[in-house]
Amino acid sequence: MGVDLREFVKPVAVEIDPRTLIKKVVAIDAYNALYQFLATIRQPNGEPFTAPDGRITSHLIGLFYRTINLVEMGIKPVYVFDGKPPELKVKTLEKRRMIREEAKRKRLSAMKRGNVEEAVKYAKQGAILTRELKEMAIKLLDLMALPRVQAPSEGEAQAAYMAKKGDAYASVSQDYDSLLFGTPRLIRNLSVTHKRKLPGKNERVEVPPELIELQKLLKYRRITHEQLIDIAILLGTDYNEKPIKGIGPKRAIELIRMYGSADRVPGVPERFKEIYPEVKRLFLEPEVTDDYKLDRDRQPDIEGIVKYLVDELGFNEKRVRKALERYMKGREKRKQQTIDDFLGGLI
DNA sequence: CTAGCGAA
DNA sequence: TTCGCTAGC
């Protein structure tokens, strides 16, 4: 979820051709990606896809085919997984659970009325990414020999850190929080074909990948990174509720310019002033780690993947093998590129 | 979300 | 080739 900075960021967001990411490492917010797959890859009745034993597979369908497309194109994905959420986020997580329960009630009621479309809508809202689903994704990534990073706390913070260090070119997430964590580049809507279903409607629209550069945003808005965080805090983040009603991005900038920081804005509740320093610290100095390696040396376990996806989870073998062929070709091509670059460097 | 297929 | 639709598990 996170902060809604869409309007704030829009003027500097630029559409990019995914080919501009060739040979670049992109740090993908795994939670965000898996959640997205889980919510969108559904059967016509709104139910997720499942293995014969009942385990959900929608997230793996997305992960498998999307990742292979990226690799085939020459992009180097690394998935970053969440660790332990900060204390202040626990309330947000509880609120999300309430929303899911509410969605479940609405789905059942829509079903009783025979309103399939509405039932499907609420089924998607009720999507929940369990530990088991996450473990399945990790198992698949390891079999595919794709690098992954376990963040100590927030995955987006870890991805931003890796991008800041230069280990990744950009963070990939639908959420804007990465910018608050200081990622120099945020990529949204990363996919190879850009067709996406419009929520509610049955039409599809082109949603091309877009790049948001932090420095460009700060320059355009004539603010500092710290002020950006304060603006987000006024709008409400995963760690704090919106302190004052009726404040959008426009007013938030003015208020931060006028008063310097969010806790000094007149009218904010005492409770807000109390948690403010900690909220700000969570964005400025999030818990991250250097304990990761993005090695490219491991080889994918093709038969292991087939055993897992086909024998255990019921994927279609022909499809899986065809995709794996594309995957291996993509990896080979990339290896050759790397060798070429190396030789080029010697000349 | 993506692949694949038949229609335009 | 591109478009539109369906199936995927």
Under the salt bridge (charged side-chain N to carboxylate O under 4.0 Å, His left out) test, residues paired with [X] that sit two or more places apart:
X	result
A:E15	none
A:E7	A:K10
A:E325	none

*Among pairs that include at least one residue of residues 30-54 of chain A, which meet salt bridge (charged side-chain N to carboxylate O under 4.0 Å, His left out), considering only residues two or more places apart or in two chains?*
A:D53-A:R55

*For residues 54-61 of chain A, which residues have at least one heavy atom under 4.0 Å from DNA chain C?*
A:T57, A:I61

*Contact class for A:G62 (heavy atom, under 4.0 Å): base, sugar-phosphate, or nothing?*
nothing

*Give A:L313 one of three labels, base, sugar-phosphate or nothing, depending on what nucleic acid heavy atoms sit under 4.0 Å from its own.*
sugar-phosphate

*asked:* Measuring from the side chain of A:T50 (C-beta onward, heavy atoms only), which nucleotide among B:dG4, C:dC9, B:dT2 has the closest atom?
replied: C:dC9

*Candidates B:dC1, B:dT2, C:dC9 - which lies nearest the side chain of A:R326*: B:dT2

*Ignoring backbone atoms, establish whether A:N69 has a side-chain N or O less than 4.0 Å from OP1 or OP2 of B:dA3.*
yes

*Listed partners of A:F181 passing ring pair (Phe, Tyr, Trp, His ring centres under 6.0 Å), at least two apart*: A:F283

*Backbone N or O of A:F8 within a donor-acceptor pair of the A:R221 side chain at under 3.5 Å?*
yes

